[in-house]
Asks: 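Quick one: the structure is below, questions incoming.
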Amino acid sequence: MPPVNRNRLVYGLLMLFTLLMGLASRHFFGEVPFVKSYVGDALWALMVYFGVAFLFSTWSIKVLALATIIFSFGIEISQIYHAPWIDNIRASRLGGLVLGFTFVWSDFLCYCVGVLAGVALENYVLLKRFSVDQKTGY
């Protein structure tokens with residue numbers, strides 16, 4: 001497989017768009033049980049995938065997916081730990097969005113779905129249209 005060289009502008013915009021989709025899903029459909037329980041977590045993992053792709057634009061898709069899964073699972077496992085200092089961070093809007101609040105087993109599946117969506121989008125759409133040409137840099 002040839003080296004990947006992602007267009008950071010595209011991935012930054014995708015990360016922002018996914019963040020807005022996640023916030024919109026909570027705002028407009030937050031009372032729908034399926035959306036409340038699962039969609040936000042899958043979108044969160046997709047956003048993390050795009051964020052890691054933005055930061056590490058030359059990593060292979062496999063390494064990118066693995067790093068995103070490890071990060072997402074680590075955040076979920078950290079939700080078991082409750083100390084005043086980390087609960088104070090979680091009490092802020094940004095801290096709560098990044099770190100979450102409570103450990104839920106089903107979130108692991110949601111993270112896998114979000115990462116798989118990122119892999120599929122990248123394989124079948126993004127790298128074919130928006131990767132940086134190795135020769136020209138554009």
Asks: Examine F56 and I70 and state if one hydrophobic cluster contains both, with Ile, Leu, Val, Met, Phe, Trp and Tyr joined whenever side-chain heavy atoms are less than 4.5 Å apart.
Replies: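 No, it is not one cluster - the side chains of F56 and I70 are not joined through contacts under 4.5 Å.
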
Asks: Give the minimum heavy-atom separation between A65 and V119, together with the two atoms involved.
Replies: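 In this case the closest contact between A65 and V119 is CB-CG2, 3.9 Å.
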
Asks: Would you name the heavy atoms of V98 and I75 that are closest together and state the gap between them?
Replies: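 Shortest heavy-atom contact: O-CG2, 3.5 Å.
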
Asks: Any side-chain hydrogen bond (donor to acceptor under 3.5 Å, both in side chains) pairs touching residues 103-116, not counting sequence neighbours?
Replies: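 Checked against side-chain hydrogen bond (donor to acceptor under 3.5 Å, both in side chains) - neighbours excluded - the pairs reaching residues 103-116 are E76-Y111.
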
Asks: For the pair F73 and C112, evaluate side-chain contact (heavy atoms from CB on, under 4.5 Å) and give the outcome as yes or no after the intermediate values.
Replies: CA-CA 9 Å; F73 282 22; C112 290; 3.9 Å; yes

Asks: Suppose the criterion is side-chain hydrogen bond (donor to acceptor under 3.5 Å, both in side chains): which pairs have a residue in residues 40-53, not counting sequence neighbours?
Replies: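 The answer is Y49-E122.
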
Asks: In chain order, what residues pass the side-chain contact (heavy atoms from CB on, under 4.5 Å) check against F101, with sequence neighbours excluded?
Replies: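 Testing F101 for side-chain contact (heavy atoms from CB on, under 4.5 Å), a comparison that skips the adjacent residues, returns R90.
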
Asks: What's the separation between atom OH in Y38 and atom OG in S25, rounded to the nearest 0.5 Å?
Replies: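 It comes to 14.5 Å.
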
Asks: What residues, two or more places apart in sequence or in another chain, satisfy side-chain contact (heavy atoms from CB on, under 4.5 Å) together with S57?
Replies: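 S57 satisfies side-chain contact (heavy atoms from CB on, under 4.5 Å) with N5, R6, R8 once adjacent residues are dropped.
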
Asks: When clusters are formed by joining ILVMFWY residues with side-chain heavy atoms under 4.5 Å apart, either directly or through shared neighbours, do L9 and F54 land in the same one?
Replies: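 No: no chain of side-chain contacts under 4.5 Å links L9 to F54.
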
Asks: Does CZ in F103 sit with more than 12 non-hydrogen atoms of other residues, nucleotides or ligands closer than 6.0 Å?
Replies: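 Yes, CZ of F103 has more than 12 neighbouring heavy atoms, counting only those of other groups under 6.0 Å.
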
Asks: Give me the atom names and distance for the closest heavy-atom approach of H82 to D87.
Replies: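 Reported closest heavy-atom pair: ND1-OD1, 2.9 Å.
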
Asks: My understanding is that only residues two or more places apart in sequence, or in another chain, count here; which of them pass side-chain contact (heavy atoms from CB on, under 4.5 Å) with T102?
Replies: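 Listed in chain order: V104.
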
Asks: Could you pull out all residues at least two apart from Y81 that satisfy side-chain contact (heavy atoms from CB on, under 4.5 Å)?
Replies: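 Partners of Y81 under the side-chain contact (heavy atoms from CB on, under 4.5 Å) test: A83, W85, I86.
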
Asks: Keeping the roles fixed (side chain from S92, backbone from I89), state whether a donor-acceptor pair exists under 3.5 Å.
Replies: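 Yes, the answer is positive, given that a donor and an acceptor are paired below the 3.5 Å cut-off.
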
Asks: Do L109 and L46 belong to the same hydrophobic cluster, where Ile, Leu, Val, Met, Phe, Trp and Tyr are linked whenever their side-chain heavy atoms lie under 4.5 Å apart, directly or via other members?
Replies: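 Unlinked, L109 and L46 end up in two clusters.
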
Asks: Nearest 0.5 angstrom please: M21 CE to R26 CZ, how far?
Replies: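 M21 atom CE to R26 atom CZ measures 13.5 Å (nearest 0.5 Å).
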
Asks: Determine the sole option in L19, L14, V52 for which the side-chain contact (heavy atoms from CB on, under 4.5 Å) test with M47 is passed.
Replies: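 Exactly one option meets the side-chain contact (heavy atoms from CB on, under 4.5 Å) with M47, and it is L19.
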
Asks: Do L43 and V113 sit in the same hydrophobic cluster, where Ile, Leu, Val, Met, Phe, Trp and Tyr count as joined when their side-chain heavy atoms come under 4.5 Å apart?
Replies: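 Unlinked, L43 and V113 end up in two clusters.
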
Asks: In terms of hydrophobic clusters joined by side-chain contacts under 4.5 Å, are Y11 and L66 together?
Replies: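 No: no chain of side-chain contacts under 4.5 Å links Y11 to L66.
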
Asks: Do the non-hydrogen side-chain atoms of I69 and F108 ever get within less than 4.5 Å of each other?
Replies: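 No, too far: nothing below the 4.5 Å cut-off.
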
Asks: On a heavy-atom basis, which atom in S72 and which in V48 lie closest, and how many Å separate them?
Replies: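 That would be OG-CG1, 4.5 Å.
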
Asks: What distance do L116 atom CG and T68 atom OG1 have between them, rounded to the nearest 0.5 Å?
Replies: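 If we round to the nearest 0.5 Å, L116:CG and T68:OG1 are 11.0 Å apart.
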
